[in-house]
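In what follows, chains are A, B, ... by sequence order, proteins preceding strands, each numbered from 1.
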Protein chains: 2
Amino acid sequence: MPRPQNGGPIRGVRGSRPSGKVTIEHVAEKAGVSIATVSRVLNGIDKKVSGETIERVRSVIAEMGYRPTRVGRALRRLESHLVGMLIPDTTNAFYAAIAHSVESALRADSTAMILCNTAENPAVQDAYLEEMEGHLARGIALLGAVPSPGLERLVAAATPLVFINRKPPMAGGGPFVGIDNYAAGREIGQHFVERNYQRCAVIHGPSGSSASRERFEGFRDGLAAAGVRLDDRGVHEAALTMSAGYSAAVELLDRQPLPRAIFCGNDLIAYGVHRRCREVNLRVPADVALFGFDDNPLNEWLAPWLSTVHVPYDQFGPATQRVFQRLWDAKPGIRQHQELLPYRLVFRSSA
Amino acid sequence: MPRPQNGGPIRGVRGSRPSGKVTIEHVAEKAGVSIATVSRVLNGIDKKVSGETIERVRSVIAEMGYRPTRVGRALRRLESHLVGMLIPDTTNAFYAAIAHSVESALRADSTAMILCNTAENPAVQDAYLEEMEGHLARGIALLGAVPSPGLERLVAAATPLVFINRKPPMAGGGPFVGIDNYAAGREIGQHFVERNYQRCAVIHGPSGSSASRERFEGFRDGLAAAGVRLDDRGVHEAALTMSAGYSAAVELLDRQPLPRAIFCGNDLIAYGVHRRCREVNLRVPADVALFGFDDNPLNEWLAPWLSTVHVPYDQFGPATQRVFQRLWDAKPGIRQHQELLPYRLVFRSSA
DNA sequence: CTGAAAGCGCTTACAG
DNA sequence: CTGAAAGCGCTTACAG
């Protein structure tokens with residue numbers, strides 16, 4: 001029998017401690033059982049262990065303050081209890097609220113969520129996807145996915161993926177959790193018609209995003225259904241930020257005739273437009289009506305006057321959890337599933 | 001020699017794929033070398049491998065699209081490349097900006113950051129600390145730590161911890177990255193004296209937070225140095241949120257005589273106070289002057305009029321990275337180190 | 001009900 | 001310059 005030559009760790013967080021980390025082996029020794037038995041107690045395979053043994057092992061665990069190392073289990077099972085959550089912009093309070101909802105829902109299922117900020121950048125997205133894969137994540141939630149090679153690869157590999165708010169940017173990407181953006185956009189178009197707004201304009205989000213595209217298309221079709229046409233010069237594309245909204249408004253409000261009403265791809269864009277309106281002394285809604293989207297949690301503080309579409313961010317977490325569960329249970333057809341959440345137009349003073 | 005009986009994974013993300021994950025063993029086989037050699041190439045131990053072999057292994061890696069599994073390495077080294085970042089409130093844009101800065105700085109060092117939202121809750125903080133420990137994190141950054149048993153334990157275990165913005169809530173907790181809150185508070189006090197504001201009030205943050213406490217104490221001492229005393233009834237404590245600031249203002253502005261100026265523990269509190277001022281028709285700064293803290297990134301959009309203290313959130317990432325590096329290099333004395341960043345009072349119209 | 005043993009995917013001291 | 005082997009901390013099929 002060859003003697004152990006090496007294999008011990010060289011350094012590390014715990015390497016610096018003289019005592020070292022307490023492992024399952026220490027517990028087993030102290031309790032006078034095998035590590036298999038400790039493991040069974042840990043995993044609640046109680047029917048296979050006598051009550052007395054369970055008691056003894058439990059008390060040793062408590063006494064030693066033993067906590068199993070996640071990494072050991074993950075490697076053995078080739079699956080960790082981690083779920084990666086990719087979000088395009090952590091400073092967007094709407095996204096932060098969704099992330100928080102997902103985190104709570106997963107935690108109740110003893111799954112830990114890791115938050116990753118992709119900044120809408122495919123390379124960063126791929127870096128995080130690979131990261132999560134390397135940690136043997138049991139799933140990945142993509143809020144606002146962008147097309148990328150790494151995402152293609154994961155889709156092909158049938159990794160449990162859930163697309164939130166924005167549909168998968170490729171065919172057969174996976175299940176979707178979100179609202180019917182087209183229908184909501186259409187309702188806004190109808191509302192603009194009812195209000196009899198002449199010269200409507202729109203500042204929509206990135207057309208790479210299904211959510212932005214569908215909001216815009218719904219809006220356009222809502223107008224068209226009443227015979228109102230949208231002038232191409234009144235259609236702008238902007239990033240989903242206040243400053244992008246502001247910049248778009250600088251351009252849009254510099255030309256005559258001014259639009260009578262503007263549909264903004266999200267609330268942040270609307271905030272930016274509103275600032276520009278004040279700068280050039282345009283009253284909202286008397287001179288220009290504004291409609292946003294998302295019902296950003298900041299509205300209450302930043303823009304209690306903004307008419308918008310309330311997207312139920314609190315429901316995203318439970319819905320995402322349900323979809324993951326079906327993915328993990330390998331329910332057939334789940335990869336094509338769409339979990340459509342209710343939305344609701346909120347009419348405040350701006351439109 | 002016993003035959004292999006088991007050990008194969010039962011299920012998992014990759015278990016569902018017929019092909020399975022490509023491991024270091026597949027690469028070794030295809031390249032006609034041992035897994036040790038592949039590992040050396042992977043880890044850039046180039047001086048120990050011939051150029052020709054490196055080439056061959058590299059091309060096989062590329063061809064097969066092999067990416068090493070993080071978990072394997074982490075378990076072997078008893079250290080992952082993960083750093084946990086605990087933050088008290090993801091929806092606070094100031095915290096989000098710091099988290100983003102830390103993430104960028106660590107990523108440049110090929111360390112991945114995991115964002116965890118503690119909600120200022122000790123139990124949640126402990127759950128995340130344990131989580132990070134289980135993933136063999138190489139370090140943990142705590143933005144706004146609260147006292148908790150788990151934190152005590154990690155401090156005792158000499159885990160690499162960095163305390164950001166708020167000092168460790170126990171003695172010898174670890175290095176600190178932030179500004180001199182006391183000095184900044186004091187300058188605000190002096191400014192109030194110079195402006196000759198009578199009847200100053202303060203709505204400070206949680207007194208469990210060193211940052212909040214020092215801001216308040218500095219402010220009080222700044223007034224006291226000029227012989228101005230702070231009436232106890234003008235001192236309120238509030239959570240660091242808009243709604244808590246609003247509630248405090250409801251109380252504070254309900255009593256006569258009204259305060260002439262209010263120092264708010266952070267900008268969000270100031271936003272809440274400002275809303276209340278509008279509701280009761282108090283002009284800012286004519287009737288009530290307001291001073292905030294942090295220079296929240298939202299100021300530009302939400303409150304371009306707010307006088308505040310600019311805290312250089314962009315510098316927090318690089319500073320945190322430097323401190324971690326010294327912790328990892330086991331530099332002596334680093335656990336007592338304080339990395340003090342520059343701050344600057346920003347005088348806008350509110351005070 | 002319990003244990004000995006294999007093995008998850010890596011890294012590295014040792015021996016050539 | 002390279003490989004065989006040990007081992008990181010777990011889980012679990014198999015044998016009792």
[X] [atom1] to [N] [atom2]: how many Å, rounded?
X      : N       : atom1 : atom2 : answer
L42(B) : dG9(C)  : CG    : P     : 14 Å
L75(B) : dT11(D) : CG    : C1'   : 13 Å
R73(B) : dG9(C)  : CZ    : P     : 16 Å
E79(B) : dT12(C) : CD    : P     : 11 Å
L78(B) : dC10(D) : CG    : P     : 10 Å
I35(A) : dG3(C)  : CD1   : P     : 11 Å
H81(A) : dC10(D) : NE2   : P     : 13 Å
R67(A) : dG9(D)  : CZ    : P     : 17 Å

For a quick test of reading the model: is some side-chain N or O of [X] closer than 4.0 Å to OP1 or OP2 of [N]?
X      : N       : value
S34(B) : dG3(D)  : yes
T53(B) : dC1(D)  : no
R77(A) : dT12(D) : yes

Earlier contact from the 5' end, DNA chain D, for T37(B) and E25(A): T37(B)

Sugar-phosphate only, base, or nothing, as touched by T69(A) at under 4.0 Å among non-hydrogen atoms: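 Sugar-phosphate contact only - T69(A) comes under 4.0 Å of backbone atoms but never of a base.
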
Could you check which of [options] has an atom nearest any side-chain atom of [X]?
X      : options                 : value
N43(A) : dT11(D), dC1(C), dG3(D) : dT11(D)
R40(A) : dT2(C), dG3(C), dG9(C)  : dG3(C)
S39(A) : dC1(D), dT11(D), dG9(C) : dT11(D)
A36(A) : dC8(D), dC10(C), dG3(C) : dG3(C)

Donor-acceptor pair (no angle test) under 3.5 Å: R76(A) side chain, dG9(C) base: no

base_contact_polar (dG9(D) base, R70(A) side chain, donor-acceptor, <3.5 Å): no

Any donor-acceptor N or O pair under 3.5 Å, side chains S80(B), R70(B): no

Side chains of S104(A) and S101(A), donor plus acceptor under 3.5 Å: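 There is no such pair between these side chains.
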
State whether [X] and [Y] are salt-bridged, where the test is any N-O pair (Lys NZ or Arg NE/NH1/NH2 against Asp/Glu carboxylate O) under 4.0 Å.
X       : Y       : result
E131(B) : R67(A)  : no
E120(A) : R166(A) : yes
R58(A)  : E63(A)  : no

Whether T320(B) side chain and V102(B) backbone form a donor-acceptor pair below 3.5 Å: no

Backbone N/O of M132(A) and side chain of H135(A): donor-acceptor pair under 3.5 Å: no

Nearest-angstrom distance, C1' atom, dT12(C) to dG16(C):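 dT12(C) and dG16(C) have their C1' atoms separated by 16 Å.
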
Position toward the 5' end of DNA chain C (nearest nucleotide), I24(B) or G51(A): G51(A)

Q325(B) atom CD, neighbour heavy-atom count above 12 within 6.0 Å: yes

Paired and unpaired positions of DNA chain D as dot-bracket, Watson-Crick or G-U wobble under 3.5 Å, | denoting a partner strand: |||.||||||||.|||

